[in-house]
Amino acid sequence: MSKIGFIYKLTNGEQDYYGSTIQSLKRRLTTHRKGVCEARKLYENGKKVSIELMETIDFNEIGELRLKEAEYIENNVCINKKNPKRVKT
């Protein structure tokens, strides 16, 4: 059974972070504000962070969504330290 996921970009106008989720983008943005991953750096010095939908993905296995996220990380300048192709889920 197919699921729907999203590839998104967080940006503060100076730095970008790419991610994937099955949550709504609004909810994912909220969890990043409270989180401890490298995306937290976007919020330093009170900067405003926005979220942008890059792509909607139909997938069967979560690994398919992670591979698409990895493409964005590998092909764009971003602050992501972890590449989903190298991280076990």
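- Tyr18 and Cys78 make their closest contact through CD1-CB, 3.7 Å (heavy atoms, listed as atom of the first residue, atom of the second, distance).
- Under a hydrophobic clustering in which Ile, Leu, Val, Met, Phe, Trp and Tyr are joined whenever their side-chain heavy atoms come within less than 4.5 Å, directly or via other members, Leu67 and Ile4 fall into different clusters.
- Within a 6.0 Å radius of NZ in Lys3, other residues, nucleotides and ligands contribute 12 heavy atoms or fewer.
- Between Ser24 and Arg27, the side chains place no donor N or O within less than 3.5 Å of an acceptor N or O (distance only, hydrogens not considered).
- Counting heavy atoms from C-beta on, the side chains of Thr11 and Leu42 never come closer than 4.5 Å.
- The two residues Gly5 and Ile22 have their closest heavy-atom pair at CA-CG2, 4.3 Å.
- In this structure a side-chain-to-backbone donor-acceptor pair under 3.5 Å is missing from Asn45 to Lys47.
- What you find for Leu25 and Glu52 is that their closest heavy atoms are CD1-C, 4.4 Å.
- Taking the side chain as every heavy atom from C-beta outward, Thr21 and Ile7 never approach each other to under 4.5 Å.
- Residues Lys41 and Gln15 approach most closely at O-OE1, 4.2 Å, considering heavy atoms.
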Gln23 and Thr31: CA distance, side-chain angles, deciding distance, side chain to side chain contact (heavy atoms under 4.5 Å, CB included) verdict:
CA-CA 10 Å; Gln23 301 175 349; Thr31 58; 4.0 Å; yes
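- Taken from NZ in Lys68 to OG in Ser20, the straight-line distance is 12.0 Å, to the nearest 0.5 Å.
- Looking at every heavy atom in both residues, Ala39 comes nearest to Ile79 through CA-CD1, 4.3 Å.
- Under the 4.5 Å side-chain heavy-atom criterion for Ile, Leu, Val, Met, Phe, Trp and Tyr, Ile51 and Val49 are members of the same hydrophobic cluster.
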Evaluate the criterion side-chain hydrogen bond (donor to acceptor under 3.5 Å, both in side chains) for residue pair Tyr8 and Glu55; output intermediate values, then yes/no.
CA-CA 7 Å; Tyr8 63 88; Glu55 193 170 344; over 6 Å; no
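- Side-chain atoms of Glu64 come within 3.5 Å of backbone N or O of Glu61 as a donor-acceptor pair.
- To the nearest 0.5 Å, atoms CD (Glu71) and CD (Glu69) are separated by 11.0 Å.
- No continuous path of hydrophobic side-chain contacts links Ile73 to Leu53 [ILVMFWY only; heavy atoms under 4.5 Å].
- Aromatic ring centres of Tyr17 and His32 lie closer together than 6.0 Å.
- No side-chain heavy atom of Leu10 sits under 4.5 Å from any side-chain heavy atom of Asp16.
- Between the side chain of Glu38 and the backbone N or O of Asn80 there is no donor-acceptor pair closer than 3.5 Å.
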